[in-house]
Amino acid sequence: MTAPTKPQSSPATATPTPAPTPTATALHTPVISWFETHARDLPWRRPEAGPWGVMVSEFMLQQTPVNRVLPVYEQWLARWPRPADLAKEPPGEAVRAWGRLGYPRRALRLHGAAVAITERHGGDVPREHAQLLALPGIGEYTAAAVASFAYGQRHAVLDTNVRRVFARAVSGTQYPPNATTAAERKLARALLPEDEGTASRWAAASMELGALVCTAKNETCGHCPIAGQCAWRLAGKPAHEGPARRAQTYAGTDRQVRGKLLAVLREAIAPVPQAVLDRVWDEPVQRARALDGLVSDGLVEPLPGGLYRLPLT
DNA sequence: TACCCGTGGCA
DNA sequence: TTGCCAAGGGT
């Protein structure tokens, strides 16, 4: 465990330069150890959650805080304990049960994934990364997360938390780039423990560290198990350089209008007349564009006579 | 690649 | 109050 504190400015020998990054185990051991005592007791981490529970949680947690997911997750798993249970429902029921989690297309994709699992995988969440990746709503992150968390496999699980931990601890910057880079993926693979079980724990532990300690704002380095080797902290925590993340406006956008329209339809039992939807937004062009978008996304089903409802097919 | 896609808590 | 942020995916 040689930890080169400084680059050798005048090496006397021709020995190869040590790797510039800290040895991997110097990060793994303290982070995994910290995780064992500080991990939150979340329902999708319990054994009874199973692969389906893990997968549902990953869909819900995309861009959504844990505290908001918890109650919806519990209701979802109680109602649809297996993929086939969800698959036999109309997609609109998934959208309705999604409630106010946001990004309701995720509900549609989760329903589509349940249908695909039922048809193509005998009702069991597939183990293979490539098969997971082929399901709707599952990208690189979620495929790796399900394979790692549900099946204990060795995958680089690179979410926003892990990217921030790596940016600080290894790269010495406050924040990662706006979009995930090839260099980040390469680093994540290089830091992945060889052993499958250790790799799986490392994935969960590094993510939890980013979520609880190495947070975007008000990080608590005093609680960090690798503060002593954090490149950003050792450099005096320099402020972020480069382009700020694009501000995400919401008020007045199509997203807000879509949200208002869908909220009406979620609460309605019977098909809703156009005139009722018209009351949620006074600007007719934007209102029509938002409704058209919901229809083309499959989130809303238009019926004859100017009626709308959540989709039955 | 850059942009679109919801919602609500918090400083 | 306003801006920032939250376990991304699809196009």
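In what follows, chains carry the letters A, B, and so on, assigned in the order in which the sequence lines appear, proteins first and then strands, with residues in each chain numbered from 1. This is a predicted model, so every value here is computed, not measured. Atom set for the values below is all heavy atoms of this structure, side chains included, hydrogens, waters and symmetry mates excluded.
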Residues 46-54 of chain A side chain polar contacts: donor-acceptor under 3.5 Å, at least two apart:
residue  : atom : partner  : partner atom : Å
Arg46(A) : NH1  : Asp41(A) : OD1          : 3.1
Arg46(A) : NH1  : Asp41(A) : OD2          : 3.2
Trp52(A) : NE1  : Trp80(A) : O            : 2.9

Readout for nucleotides 4-11 of chain C: B = base within 4.0 Å of protein heavy atom, S = sugar-phosphate only, - = neither; 5' to 3' it is SBBBBBS-
- prompt: Under the side-chain hydrogen bond (donor to acceptor under 3.5 Å, both in side chains) criterion, do Gln62(A) and Thr142(A) qualify, and how do the steps go?
  reply: CA-CA 9 Å; Gln62(A) 291 168 3; Thr142(A) 304; 3.1 Å; yes
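- For the pairing with Arg258(A), the side chain to side chain contact (heavy atoms under 4.5 Å, CB included) check across Asp297(A), Leu291(A), Val300(A) returns one residue only, Asp297(A).
- At a non-hydrogen distance threshold of 4.0 Å, Asp254(A), Arg255(A), Arg258(A), Gly259(A), Arg266(A) from residues 252-287 of chain A come into contact with DNA chain B.
- dG8(B) and dT1(C): their C1' atoms are spaced 15 Å apart (whole Å).
- Taking atom C1' in both dT11(C) and dT1(B), the straight-line distance is 11 Å, to the nearest Å.
- We find the CD-CD1 distance between Glu267(A) and Ile269(A) to be 8.5 Å, quoted to the nearest 0.5 Å.
- At a cut-off of 3.5 Å, with distance as the only test, no side-chain donor of Tyr73(A) or Arg68(A) sits close to an acceptor on the other residue.
- Taking every nucleotide of DNA chain B with any atom under 4.0 Å from a non-hydrogen atom of chain A, the first and last of them, 5' to 3', are dC4(B) to dG8(B).
- Listed by first and then second residue, the ring pair (Phe, Tyr, Trp, His ring centres under 6.0 Å) pairs that reach into residues 107-141 of chain A are His129(A)-His155(A), sequence neighbours excluded.
- For the pair Glu194(A) and Arg154(A), the salt-bridge criterion is met [side-chain N within less than 4.0 Å of a carboxylate O].
- Using a 4.0 Å heavy-atom distance criterion, Phe59(A) is classed as making no nucleic acid contact.
- When the C1' atom is used for both dC5(C) and dG6(B), the distance is 14 Å, rounded to whole Å.
- A chain of hydrophobic side-chain contacts below 4.5 Å, direct or via other Ile, Leu, Val, Met, Phe, Trp or Tyr residues, connects Trp44(A) to Ile117(A).
- Applying the ring-ring contact (aromatic ring centres under 6.0 Å, His included) test between His28(A) and each of Trp34(A), Trp202(A), Phe35(A) identifies Trp202(A) as the sole match.
- Alongside Tyr250(A), the hydrophobic cluster contains no other residue (criterion: ILVMFWY side chains under 4.5 Å).
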